[in-house]
Amino acid sequence: MSAETTLTISSHTCQALGGQHLQRTPLQSHPRHPHDTPAAPLPGWLAELLRPAPLPPQKPIRVALSGRGRRTAFLRSAVNGEAERVTGSGEDQHNNALYIASVALGQLVAGGELGEADVTGWLLTAALQVGQGEREAQRTIASGLRAGARRPRTVAA
């Protein structure tokens, strides 16, 4: 065949542009390429070197909001609860938990109840504690705060 011939592959035949049919042999009859063989198992010593270091024990994050009364107690509970959502999330759920927490606290930021810098700092601390990358965490927090700002929430006095 020439270099310009284009093949359309069906289940058992190849058809060239000129209408010629070429019989294709089943894949089983082709000799295997040396790179098609399964990979050898990873040696234990190498697997051990590649295993990431374990995370340090997680410490609960507690936010101390100044003031007394029901309003302050509610805000403290909301912030601590969302921080615990992040630190208590499963291995594959950290980013999702961080986003949900950012949206919830973003509503309170938009309502004027909490400061954006404070919320960002608290959530970033929680995210870093569970091993999330700083850049990814900052982006997730910013995205959640933007989403939460669309539905501002205030605390009844």
Side-chain angles (χ1 to χ4, degrees), residues 3 6-11 14 24 26-28 30-157:
T6 303
L7 298 178
T8 305
I9 298 177
S10 66
S11 61
C14 295
R24 184 179 70 140
L27 288 176
Q28 293 81 9
H30 288 294
R32 292 183 64 105
H33 190 276
H35 297 292
D36 288 343
T37 58
L42 192 63
W45 63 269
L46 183 55
E48 195 59 38
L49 285 174
L50 295 174
R51 184 169 289 122
L55 292 173
Q58 296 181 6
K59 302 172 205 152
I61 296 174
R62 293 283 177 216
V63 177
L65 295 174
S66 60
R68 299 177 65 96
R70 297 175 77 179
R71 179 181 170 279
T72 302
F74 173 83
L75 291 173
R76 183 180 305 112
S77 178
V79 171
N80 288 330
E82 296 305 333
E84 287 175 17
R85 176 192 305 271
V86 176
T87 59
S89 60
E91 188 64 34
D92 295 332
Q93 295 298 315
H94 298 317
N95 199 55
N96 187 49
L98 181 61
Y99 179 77
I100 292 169
S102 300
V103 171
L105 295 180
Q107 292 175 329
L108 293 170
V109 169
E113 301 291 343
L114 297 170
E116 184 174 344
D118 291 333
V119 168
T120 299
W122 297 325
L123 292 176
L124 184 58
T125 300
L128 295 176
Q129 189 175 25
V130 295
Q132 197 167 14
E134 184 172 354
R135 185 173 180 189
E136 177 188 15
Q138 287 175 334
R139 287 181 175 183
T140 300
I141 293 167
S143 177
L145 290 176
R146 282 192 303 274
R150 286 186 228 128
R151 298 196 63 177
R153 188 169 53 156
T154 58
V155 179

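We count residues from 1, following the sequence as given.
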Of all heavy-atom pairs between [X] and [Y], which one has the smallest distance, and what is that distance?
X: H94; Y: S89; result: ND1-OG, 2.6 Å
X: V103; Y: A147; result: CG2-CB, 3.9 Å
X: L145; Y: G106; result: CD2-CA, 3.5 Å
X: A137; Y: A127; result: CB-CB, 3.7 Å
X: V86; Y: A101; result: CG2-CB, 4.0 Å

Assess the residue pair V155 and L108 against the criterion (side-chain contact (heavy atoms from CB on, under 4.5 Å)); give the C-alpha distance rounded to whole Å, side-chain angles, the decisive distance to 0.1 Å, and a yes or no. CA-CA 8 Å; V155 179; L108 293 170; 4.2 Å; yes

Going from [atom1] on [X] to [atom2] on [Y], what distance comes out if it is rounded to the nearest 0.5 angstrom?
X: E82; Y: T87; atom1: CD; atom2: OG1; result: 11.0 Å
X: L98; Y: R139; atom1: CG; atom2: CZ; result: 13.5 Å
X: I141; Y: Q132; atom1: CD1; atom2: CD; result: 8.0 Å
X: N95; Y: T140; atom1: CG; atom2: OG1; result: 3.5 Å

Non-neighbouring partners of [X] that pass side-chain contact (heavy atoms from CB on, under 4.5 Å), sequence neighbours left out:
X: Q107; answer: R151, R153
X: P43; answer: W45, L46
X: N96; answer: Q93, I100
X: S143; answer: Y99, R146

For the side chain of T72 and the backbone of G69, is there at least one donor-acceptor N/O pair under 3.5 Å apart?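 No, the answer is negative, given that no donor and acceptor are paired below the 3.5 Å cut-off.
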
Of all pairs that satisfy salt bridge (charged side-chain N to carboxylate O under 4.0 Å, His left out), the ones with a partner from residues 100-121, not counting sequence neighbours: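 Of all non-adjacent pairs touching residues 100-121, those that pass salt bridge (charged side-chain N to carboxylate O under 4.0 Å, His left out) are R71-E113.
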
Could you name each residue pair satisfying salt bridge (charged side-chain N to carboxylate O under 4.0 Å, His left out) that touches residues 39-50, not counting sequence neighbours?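 The answer is E48-R51.
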
Any residue meeting salt bridge (Lys or Arg N to Asp or Glu O under 4.0 Å) with E134, in chain and number order, not counting sequence neighbours: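 E134 satisfies salt bridge (Lys or Arg N to Asp or Glu O under 4.0 Å) with no residue once adjacent residues are dropped.
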
Suppose we screen for side chain to side chain donor-acceptor pair (under 3.5 Å). Which residues come up paired with S102, at least two apart in sequence or across chains?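 Listed in chain order: nothing, the list is empty.
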
